[in-house]
Amino acid sequence: MLAVSDPLKLYGRAFGSRLLVGTALYPSPAVMREAVRESGAEIITLSLRRQNPQQRQGRMLWDYIRESGCWLLPNTAGCKTPREVITLAEMSREIFQTDWIKLEVIGDDYNLQPDPYGLIEAARELVIRGFKVLPYCTDDLVVCRKLLDAGCEVLMPWGAPIGTGQGLLNKYNLRTLRERLPDTPLIIDAGVGAPSQAAEAMEMGYDAVLLNTAIAKAQDPVQMARAFRLAVQAGREAYRAGLMVKRQTASPSTPTLDMPFWQQVDKTQQD
Amino acid sequence: MRIFVNGEARIVEGSPDLASLLQQMEYSGETFAVAVNGDFVPRSEYPRTQIQDGDTLDVVAPVVGG
């Protein structure tokens with residue numbers, strides 16, 4: 001683990017893992033627990049939903065959360081307006097005893113695209129109320145800048161729409177964000193379907209990757225969690241090592257000097 | 001009076017405060033939070049929050065999420 005030499009710093013807090021994982025969609029709670037453990041994640045996402053007193057899931061999940069020792073990142077998934085967001089965030093803060101919030105304001109039901117206007121308005125209000133806001137946003141530079149202006153210290157642009165597993169759909173925009181916001185922690189959130197895509201995001205210089213479906217819906221979620229842990233580590237190492245510059249033409253790896261069979265004089269010309 | 005709890009209509013006797021109402025409905029512990037008419041009500045405000053006819057309550061608890 002890169003905990004000591006290369007921590008992920010978010011809102012003044014240091015983490016050893018650069019992989020954040022969701023807790024939904026697993027075949028069972030037991031598989032979820034094992035997958036989260038195998039992923040090495042130190043930050044997990046979760047949510048709030050209506051519940052009647054007879055349902056015990058909330059209590060059971062709460063017990064697991066306390067056992068896991070993970071840092072909690074409650075989300076506002078499903079909210080469509082800043083007002084809904086504010087209410088759910090306040091409820092989250094009371095239950096989970098954290099002022100961290102993964103801000104989601106959905107602007108389109110078909111691709112679950114974040115509503116940029118709602119995001120900025122909600123972020124402003126949440127920051128005023130003392131929340132540490134991690135917005136799930138699009139890869140638009142101007143929107144991201146306005147979220148920073150609103151007081152967000154971390155941004156979480158999408159790789160692709162939630163649950164699609166399409167990977168990094170707009171690499172130009174994602175590279176632009178990385179280049180133009182060099183001091184902002186950037187986390188790819190959503191759309192990552194394969195460890196190679198997570199590694200690619202890390203190679204681009206992204207600080208971390210947040211995902212859920214790619215692990216939870218794998219045939220073997222625990223093994224896939226491990227694969228993502230390794231991919232994120234590999235990508236980060238590669239970024240720090242510095243990738244070679246791409247070239248248009250070939251360049252031999254093996255020395256050309258003292259190549260056998262090579263003759264200085266062309267025999268065909270002598271005959 | 002008639003109120004709505006998590007989207008379902010309920011008939012409630014009198015005009016209870018939120019703390020009493022939650023107790024009647026057997027909510028216990030600290031793993032839930034409440035909004036009345038879409039606004040968050042902090043736990044400390046439950047005894048001072050009077051429930052009115054037609055109020056909508058949302059009572060939420062932790063669930064898995066991405």
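Letters A, B, ... mirror the listed sequences (proteins, then strands); counts begin at 1. FYI, side chains are in, hydrogens and waters are out, and symmetry mates aren't considered; it's all heavy atoms of this structure.
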*Mark yes or no: B:Arg10 above the aromatic ring of B:Phe4, with NZ or CZ under 6.0 Å from the six-membered ring centre and no more than 45 degrees from the axis.*
no

*Selection from A:Arg83, A:Arg50, A:Met60 maximising heavy-atom pairs under 4.5 Å formed with chain B*: A:Arg50

*Tell me, out of B:Asp39, B:Val5, B:Asn6, who's got the most heavy-atom pairs with chain A below 4.5 Å.*
B:Asn6

*With B:Val41, the side-chain contact (heavy atoms from CB on, under 4.5 Å) member among B:Val36, B:Leu57, B:Asp58*: B:Val36

*Donor-acceptor contact present, side-chain A:Glu125 to main-chain A:Ala122, <3.5 Å*: no

_Polar contact flag, side-chain donor to acceptor under 3.5 angstrom, A:Gln113-A:Asn111_ = yes

*Using distance alone, with no hydrogens and no angle criterion, decide if A:Thr45 and A:Asn75 have a side-chain donor and acceptor under 3.5 Å apart.*
no

*Below 4.5 Å from any heavy atom of chain A, which atoms of B:Val34 appear? Answer side chain, backbone, both or neither.*
backbone

_chain B contact via A:Glu90 - side chain, backbone, both or neither, heavy atoms under 4.5 Å_ = both

*Proximal component of A:Tyr64, with respect to chain B [non-hydrogen, under 4.5 Å]*: neither

*asked:* Using heavy-atom distances under 4.5 Å, tell me whether A:Leu61 contacts chain B through its side chain, its backbone, both, or neither.
replied: side chain

*Can A:Lys132 and A:Asp99 be counted as an ion pair, charged N to O under 4.0 angstrom?*
yes

_Donor-acceptor pair, side chain of B:Ser15 and main chain of B:Ile51, under 3.5 angstrom_ = yes

*Go through the atoms of A:Met32 and report whether side chain, backbone, both or neither lie under 4.5 Å from a heavy atom of chain B.*
side chain

*Among B:Ala33, B:Gly7, B:Ala61, which has the most heavy-atom pairs under 4.5 Å with chain A?*
B:Ala61

*Show your working on salt bridge (charged side-chain N to carboxylate O under 4.0 Å, His left out) between B:Arg43 and B:Glu45 and close with a plain yes or no.*
CA-CA 5 Å; B:Arg43 191 165 286 266; B:Glu45 294 296 317; over 6 Å; no

_Residue, of A:Ala24, A:Pro53, A:Gly22, that accumulates the most heavy atom pairs under 4.5 Å with chain B_ = A:Pro53

*For A:Asn52, is it the side chain, the backbone, both, or neither that has a heavy atom closer than 4.5 Å to a heavy atom of chain B?*
both

*Can you tell which part of A:Glu84 gets under 4.5 Å to a heavy atom of chain B, answering side chain, backbone, both or neither?*
neither

*Pick whichever of A:Asp189, A:Asn212, A:Thr23 has the most heavy-atom pairs under 4.5 Å with chain B.*
A:Thr23

